[in-house]
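Let me begin by presenting the structure, written as structure tokens, before commenting on it.
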Amino acid sequence: MFIDSHCHLDRLDLSPYQGDLGLALDAARQAGVDRMLCISIDLDNAPVVVGLAEQYPDIYASVGVHPLDCSEVVPDIATVRALAAHDKVVAIGETGLDYYHIKTEGAQAVQRQSFINHLRLGAELGLPMVVHTRDAREDTLDFIREYGSMESAGVLHCFTETLDMAKAALEMNYYISISGIVTFRNAAELREVVEYLPLDRLLIETDSPYLAPVPHRGKPNEPRFVADVGRFVAELKGVTPEVLGEQTTANFYRLFSRAS
């Protein structure tokens, strides 16, 4: 019924499942989560992420380098290109810009070049982008516009930015993914963005093991909790969880067209 469009399965806290990822995935399936997109963040864990997608038929993978993992050296995009040839890889990323955590101009410049390289690769391969953006609205949008592809497009994941940024992304054929942050007490502005978003451009995610939604806040996040995000978003949109699940599932397969 639901797809977790962004999770980090190699980083889950598996202590409730006796260290067995398979049991955590079974719990997600029992909660109505039938597909997951496992996201890589650097060149070391990307092969692990692809390996998980090989092992489990209901897991897909992305390959890329997170902006917080490339503040010193621009990553080798040829390695990302080689990993992207795997048929279970459906996206490039997580990539993007993070000026909240990275303040120095030199490190930000490395981020920018990495992001440009990822965008160009996604356009070349016809694969959508998984974009992380924080306190870098103008540069993020400008780079997507200049170096990205409107055809393969992408998603702004774990969205916490302004309505104006969401509108600009939608104009470039991007999707907006909503995490458990939307359930937090102080997320009124984000809830207003969700109320505005067209249903056919919306995705939901956990970003697990981070950002567990209410009523699980304070616990390690996991894919089964995307059902809680889905129910909360459905209420905001004035639709049933079933409708929200069907629509976000259709959106997922439309964006990540290599998935099957």
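Only a predicted model underlies this, so the values are computations on that prediction, with no experimental measurement involved. All heavy atoms count here, side chains included; hydrogens, waters and symmetry mates do not.
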Under a 4.0 Å threshold between the charged nitrogen and the carboxylate oxygen, would Arg134 count as salt-bridged to Glu161? no

So, are Arg112 and Glu105 salt-bridged, with charged N and O less than 4.0 Å apart? yes

Does the side chain of Tyr210 pick up a donor-acceptor pair with the side chain of Arg11 at under 3.5 Å? yes

Any chain of hydrophobic side-chain contacts (each under 4.5 Å) joining Met129 to Leu255? no

For Asp207 and His157, which I'm curious about, is there any donor-acceptor pair between the side chains at under 3.5 Å? no

Side chain to side chain contact (heavy atoms under 4.5 Å, CB included) assessment of Arg145 paired with Leu141: CA-CA 6 Å; Arg145 193 176 291 111; Leu141 293 171; 4.2 Å; yes

Ignoring hydrogens and geometry beyond distance, is a side-chain donor-acceptor pair present between Asp164 and Thr162 at under 3.5 Å? no

To the nearest 0.5 angstrom, please state how far the CG atom of Leu37 sits from the CD1 atom of Ile59. 10.0 Å

Over all heavy atoms of both residues, which pair between Phe143 and Leu119 is shortest? Give the atoms and the distance, please. O-CD1, 3.4 Å

Heavy-atom side-chain contact between Phe225 and Ser208 under 4.5 Å: no

Please determine, by modelled atom types, if Asn45 and Ser40 share a side-chain donor-acceptor pair under 3.5 angstrom. no

Heavy-atom closest pair (Ala27 atom, Tyr17 atom, distance to 0.1 Å) is CB-OH, 3.6 Å

So do the side chains of Pro75 and Val80 get within less than 4.5 Å of each other, counting heavy atoms only? no

State plainly whether one hydrophobic cluster holds both Leu52 and Ile41, where clusters connect Ile, Leu, Val, Met, Phe, Trp and Tyr through side-chain heavy atoms under 4.5 angstrom apart. no

Shortest non-hydrogen contact from Glu222 to Thr206? O-CG2, 3.5 Å

Taking a hydrophobic cluster as the set of Ile, Leu, Val, Met, Phe, Trp and Tyr residues connected by side-chain heavy atoms closer than 4.5 Å, whether directly or through intermediates, do Phe115 and Val130 fall within one such cluster? no

Could you tell me whether the side chain of Leu12 reaches within less than 4.5 Å of the side chain of Leu9, counting heavy atoms only? yes

Between Asp98 and His132, is there a side-chain donor-acceptor contact under 3.5 Å, judged purely by atom types and distance? yes

Any sub-3.5 Å donor-acceptor pair from Asp228's side-chain atoms to Pro213's backbone N or O? no

With a 6.0 Å cut-off (strictly less than), is the heavy-atom count around OH of Tyr100, excluding the residue itself, greater than 12? no

So how far is it from Leu202 CG to Phe252 CZ, rounded to the nearest 0.5 Å? 14.0 Å

Can you tell me how far CG of Leu121 sits from CZ of Arg81, rounded to the nearest 0.5 angstrom? 5.5 Å

If every non-hydrogen atom of Leu190 is compared with every non-hydrogen atom of Phe159, which pair is closest and at what distance? CD1-O, 3.2 Å

May I ask you to establish whether Lys167 and Tyr196 are in a cation-pi arrangement, using a distance under 6.0 Å from NZ or CZ to the six-membered ring centre and at most 45° from the ring axis? yes

For the residue pair His66 and Asp42, confirm or rule out a side-chain donor-acceptor distance under 3.5 Å. no

In this structure, would Leu203 and Tyr253 fall into the same cluster of hydrophobic residues linked by side-chain contacts under 4.5 Å? yes

Any side-chain donor near an acceptor of the partner, His6 and Glu94, under 3.5 Å: yes

Mind checking whether Arg185 and Val214 have side chains closer than 4.5 Å, heavy atoms only? no

Interatomic distance, OG1@Thr183 vs CD@Glu235, rounded to 0.5 Å, equals 12.0 Å

Between Tyr99 and Gln111, is there a side-chain donor-acceptor contact under 3.5 Å, judged purely by atom types and distance? no

Any heavy-atom pair between the side chains of Ile92 and Val63 that's under 4.5 Å? yes

Does the side chain of Arg224 come within less than 4.5 Å of Asp4's, by heavy atoms? no

Do NZ/NE/NH1/NH2 and the carboxylate oxygens of Asp87 and Arg258 come within less than 4.0 Å? no

With no hydrogens and no angle check, just 3.5 Å: does a side-chain donor-acceptor pair link Ser177 and Glu205? yes

Any donor-acceptor pair under 3.5 Å linking the side-chain atoms of Gln30 with those of Asp26? no

Got Glu54 and His86 here, is their nearest side-chain heavy-atom distance under 4.5 Å? yes

Tyr174 and Val194: same hydrophobic cluster, using ILVMFWY side-chain contacts below 4.5 Å? yes

Is there a side chain to side chain contact (heavy atoms under 4.5 Å, CB included) between Gln247 and Asp200 once you walk through the steps? CA-CA 7 Å; Gln247 183 65 67; Asp200 65 354; 3.8 Å; yes

Derivation of the side chain to side chain contact (heavy atoms under 4.5 Å, CB included) call for Phe232 and Val182: CA-CA 8 Å; Phe232 191 94; Val182 74; 3.8 Å; yes

Restricting to non-hydrogen atoms, name the atom on Val50 and the atom on Ala61 that form the minimum distance, rounded to 0.1 Å. CA-CB, 4.1 Å

Side chain to side chain donor-acceptor pair (under 3.5 Å) for His216 and Asn221? Distances and angles first, verdict last. CA-CA 8 Å; His216 311 286; Asn221 205 357; over 6 Å; no

CG on Leu97 to CZ on Arg137, rounded to 0.5 Å: 13.5 Å

Inter-residue atom distance Leu199.CG - Leu244.CG, 0.5 Å rounding: 6.5 Å

What heavy-atom pair brings Pro47 and Leu83 nearest, and what distance separates the two atoms? CG-CD2, 4.3 Å

So do the side chains of Ile176 and Leu170 get within less than 4.5 Å of each other, counting heavy atoms only? yes

Any chance you could lay out the side chain to side chain contact (heavy atoms under 4.5 Å, CB included) test for Ile3 and Val33, step after step, and finish with the verdict? CA-CA 6 Å; Ile3 293 179; Val33 182; over 6 Å; no

N/O donor-acceptor pair under 3.5 Å between Gln108 side chain and Ile102 backbone: yes

